[in-house]
There are 2 protein chains.
Amino acid sequence: MLDAIGLEILNILQKKARIPNIEVSRQVGLAPSAVLERIRKMEKQGIIDGYEVRLNPEQFNRAQVAFVHIKTNPAMSDKVGSELALIPEIQEVHFVSGSDCYLVKIRSADTTALGLLLQEKITTIDGVLSTSTETVLATVKETSQIPLPLTISQTT
Amino acid sequence: MLDAIGLEILNILQKKARIPNIEVSRQVGLAPSAVLERIRKMEKQGIIDGYEVRLNPEQFNRAQVAFVHIKTNPAMSDKVGSELALIPEIQEVHFVSGSDCYLVKIRSADTTALGLLLQEKITTIDGVLSTSTETVLATVKETSQIPLPLTISQTT
DNA sequence: TGAAGTCAAGAATAATATTCTGTCATTTGT
DNA sequence: ACAAATGACAGAATATTATTCTTGACTTCA
């Protein structure tokens, strides 16, 4: 299903999507048509979900990252989650173990904007009981890449 | 510096990088050469950082997300951060306000693998004082996209 | 063994990327 | 104000890449 060459292709694309197919084919040692066929298949199988551009947050006034715990009324937690997901500054919404609580990742211009967002858009959501914010002082690593195995383990 | 057409191009690429340039040019109403010139310029200016493929974590046995707070010896915190960043399962390493603490995002196969990772790779790092783990039960939203205005407001 | 399926090469063709030139509009300097 | 400089773009010419299609090797399974 997914062999060493498939992984190699994905590794190349994870580093640099928007690379010409023919260049991929040179790197993996297959004909361009074969690479195309493989990529199409992986897209169809849902192995590849899509391609994204990586923008520099600082250039868009989005340098401030924060993580916020949001405690919710358990009866309304689904609805709260959906509403949180609609806020564009919120990049991630996770429901976490522990105490009827979402953990969300926010990108805002600065702490002032973050405060406003919390006060006006988040605490005002029906079902939100309380929030607890951690601001990020420095980011050492930030990737969405998935570590790929060097070889394929058996799946059936 | 960045006008409405530039934003439009970025919006298109954020939804679907690996789209042909000529298709972008059709959508924004410019010649392909002009779009190419603009994209190159944005890459050079550091507005565009790169292009990534988005993989489906479930297909790679990386469905379990967890966030872990890692309290460190303040004198060694930089070194701890660098070491954490080297662990492939750790996608994000943020130094957060509050208490000499990193917040890391982990992708692992399951809670068992997570436990092993914590026990063998993280708590063993010199300078790590304690950890506190939250596992994700459900993810409502997960994107690295930066919210862009649809257009630049302009007085005409 | 033979039919069906998979995978990839290679050629032919379609589409796209890239370069280059000229134009127009705006800006800059004097 | 005016000429030179700059920046953005269109359009054509060319280079490169994508895509399709056919064929053949190899595998699997009954």
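Atom set for the values below is all heavy atoms of this structure, side chains included, hydrogens, waters and symmetry mates excluded. We name chains A, B, ... by the order of the sequence lines, and we start the count at 1 in each one.
B:G6 comes within contact range of no nucleotide atom at all, as no heavy-atom separation falls under 4.0 Å.
In this structure, the nucleotide among C:dA17, D:dA8, C:dA8 sitting nearest to the side chain of A:A34 is C:dA8. Distance from the side chain of A:K41 is smallest for C:dC7 among the nucleotides C:dA17, C:dA8, C:dC7. Distance from the side chain of A:R26 is smallest for D:dT17 among the nucleotides C:dA8, D:dT17, C:dT16. With distances taken from any side-chain atom of B:L30 to the nucleotides D:dA8, C:dA17, D:dA10, the minimum falls on D:dA10. Each of C:dT16, D:dA18, D:dT19 was ranked by its minimum atom distance to the side chain of A:P32; first place goes to D:dT19. Of the candidates C:dA17, D:dA10, D:dA18, the closest approach to any side-chain atom of B:A31 belongs to D:dA10.
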For nucleotides 22-25 of chain D, list the nitrogen or oxygen atoms of the protein found under 3.5 Å from its nitrogen or oxygen atoms, one pair per line.
none

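Evaluation of the side chain to side chain donor-acceptor pair (under 3.5 Å) rule for A:S144 yields B:E52 as partners, not counting sequence neighbours. Evaluation of the side chain to side chain donor-acceptor pair (under 3.5 Å) rule for A:R40 yields no partner, not counting sequence neighbours. A:F95 meets the ring pair (Phe, Tyr, Trp, His ring centres under 6.0 Å) test with A:Y102; sequence neighbours excluded. Taking A:R62 as the reference, nothing meets the side chain to side chain donor-acceptor pair (under 3.5 Å) condition, with sequence neighbours excluded. Considering only residues two or more places apart in sequence or on other chains, A:R38 meets the salt bridge (charged side-chain N to carboxylate O under 4.0 Å, His left out) condition with A:D3.
Counting only residues at least two apart or on different chains, no salt bridge (Lys or Arg N to Asp or Glu O under 4.0 Å) pair has a member in residues 111-139 of chain A. Residue pairs satisfying the salt bridge (Lys or Arg N to Asp or Glu O under 4.0 Å) criterion with at least one member in residues 91-103 of chain B, sequence neighbours excluded, are listed as follows: A:K105-B:E92.
Remark: P of D:dT17 and CD1 of B:I19 are 20 Å apart, rounded to the nearest angstrom. When the C1' atom of D:dA8 is taken as reference, atom NZ of B:K44 falls 16 Å away, rounded to whole Å. In this structure, the CE atom of A:M42 is 12 Å from the P atom of C:dC7, given to the nearest Å. Look at CG on B:N21: it is 15 Å from C1' on D:dA15, rounded to the nearest Å. When the P atom of C:dA9 is taken as reference, atom CD1 of A:I22 falls 13 Å away, rounded to whole Å. In this structure, B:D3 atom CG and C:dT26 atom P are separated by 14 Å, rounded to whole Å. Remark: C1' of C:dA17 and CD of B:E43 are 13 Å apart, rounded to the nearest angstrom. The distance from atom CD1 of B:I5 to atom P of D:dG7 is 18 Å, rounded to the nearest whole Å.
Connectivity analysis of hydrophobic side chains (ILVMFWY, heavy atoms under 4.5 Å, direct or indirect) links A:L86 to nothing; its cluster partners are none. Residue B:F67 belongs to a hydrophobic cluster whose other members are A:V65, A:F67, A:V96, A:L103, A:V136, B:V65, B:V96, B:L103, B:V136, with links defined by side-chain heavy atoms closer than 4.5 Å.
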Any chance you could lay out the side-chain hydrogen bond (donor to acceptor under 3.5 Å, both in side chains) test for B:S97 and A:T135, step after step, and finish with the verdict? CA-CA 6 Å; B:S97 62; A:T135 57; 3.1 Å; yes
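Relative to the axis of its first five pairs, the axis of the last five pairs of the helix from C:dT1-D:dA30 to C:dT30-D:dA1 sits at 40°, rounded to 10 degrees.
Put simply, B:R38 has no side-chain N or O that comes within less than 4.0 Å of OP1 or OP2 on D:dA8.
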With B for base contact, S for sugar-phosphate-only contact and - for none (protein heavy atoms under 4.0 Å), nucleotides 19-24 of chain C reads B-----
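Enclosure of atom NZ in A:K79 by more than 12 non-hydrogen atoms of other residues, nucleotides or ligands within 6.0 angstrom is indicated.
Under a 3.5 Å cut-off, the side chain of A:K141 and the backbone N or O of B:I87 do form a donor-acceptor pair.
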